[in-house]
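Accompanying notes for the structure given below.
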Amino acid sequence: MEVLMEVKNLKKYFPMQSGFLSSNKGYVKAVDDVSFNIYKGETLGLVGESGCGKSTTGRMLVNLLNPTEGDVLFEGKDIRELCKKDKKNLSKNIQIIFQDPYASLNPRMTIGDIIAEPMKINKIVDGKELEKRVLKLLNYVGLASYHKDRYPHEFSGGQRQRVGIARAISVDPKLIVCDEPVSALDVSIQAQVLNLLHDLQKEFDLTYLFIAHGLNVVKHVSNRVGVMYLGKLVEIANDNCLYSDPKHPYTQALLSAIPVPNPRAKKERIILKGDVPSPLNPPTGCRFHTRCSKCMDICKLEEPKMVEIEGKHSVACHLYDASMAVENN
Ligand code: SF4
């Protein structure tokens, strides 16, 4: 598979300042040494609890945030070292759909102007062609042509998210970062928006990074899934491997929380102890050790490395360091 984006050892530390002189009280390690690839045409799901760094990662990939360290390569080129022209192309090629469709749409602009704006900025079409393209995009996302003269407050949450999607695809991007695009919507609307994203992926040959809170949302839309915990990527695998045979204890706990539609099916829920520790002062060794039922002495001291244990299934956990060492002997 062709690699569209390479993320290498990405870090984002936010300084914590307090007091009259704004003295630095340390750093919130929102993303701490995360690496993965995004392949052309796939949907990579990225999941984890609030504050695990998944949205910060997404924002660095679209150049909305500068990384503290690490590289993001799009089609082999480092996005921070592009010339002015390539930077403009990059902003066209990588788009983002935000979680809150209302906050991401300018309340003073009509829907038609909101969808037309990126095409005007990127000088894709103008005049009558621009009008025609806006109507076509409204049609693609399931809205009517008369909606173009309305304002965001006149729409429901699901319709506003459709507008956000139309705006994102208007410039014919290659990669779209979907930052929790359905978590603010009713469950009945969530499925419609997920189906729409799936149809548009086929129609426009799109690649998605799909960020979500829980594994149940990404289950039906992702080809591969990465799981983040407290700024670290702890497991990444093809979706069927991850759902049928999760390796990391955190992934196992997240999966056990997904409700089963069969009332007779017995499923043991893994309840995690305590709260997520502060990213200002993360635990030593494995960051999950304070909540892990399988914690060993080494887990408190040494950070586990990401190892590929089966084809395209990688996990960062000392349980698998040990088993691999046995196999190698
Ligand atoms: Fe649990 Fe240790 Fe694995 Fe961390 S490294 S997930 S603490 S077993």
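Just follow the structure's listing: the first ligand is 1, and inside any ligand the first atom is 1. All residue numbers in this chain count up from 1 along the given sequence.
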Determine, considering heavy atoms only, which of Cys292, Cys299, Cys295 sits nearest to atom 2 (Fe) of ligand 1. Cys299
I'd like to check which ligand 1 atoms, numbered from 1 as shown, lie under 4.0 Å from a non-hydrogen atom of His248. 6 (S)
Tell me whether Asp205 is salt-bridged to Lys40, with the criterion being a basic N under 4.0 Å from an acidic carboxylate O. yes
Are side-chain N/O atoms of Asp179 and Ser55 paired as donor and acceptor at under 3.5 Å? yes
Within the 4.5 Å heavy-atom criterion, are Phe210 and Leu44 side-chain neighbours or not? no
Atoms in ligand 1 with a heavy atom of Leu319 nearer than 4.0 Å: 8 (S)
Enumerated ligand 1 atoms positioned under 4.0 Å from heavy atoms of Phe288: 6 (S)
Axial cation check for Phe14 ring with Lys12, 6.0 Å and 45° limits: yes
If we number the atoms of ligand 1 from 1 as shown, the ones under 4.0 Å from a heavy atom of His289 are 7 (S)
Is Leu255 reachable from Val47 through a run of hydrophobic residues whose side-chain heavy atoms are each under 4.5 Å from the next? yes
Same cluster for Leu105 and Val134 if Ile/Leu/Val/Met/Phe/Trp/Tyr side chains link at under 4.5 Å? yes
Could you identify the single nearest non-hydrogen protein atom to atom 8 (S) of ligand 1 and state the distance to 0.1 Å? Lys294 O, 3.5 Å
Looking only at protein heavy atoms, what sits closest to atom 3 (Fe) of ligand 1 is Cys317 SG, 2.3 Å
With ring centroids as reference points, do His248 and Phe288 lie under 6.0 angstrom apart? yes
Closest protein heavy atom (residue, atom, distance) for atom 5 (S) of ligand 1: His318 N, 3.2 Å
Taking the minimum heavy-atom distance to atom 4 (Fe) of ligand 1, which of Cys286, Pro249, Ser293, Ala316 ranks first? Cys286
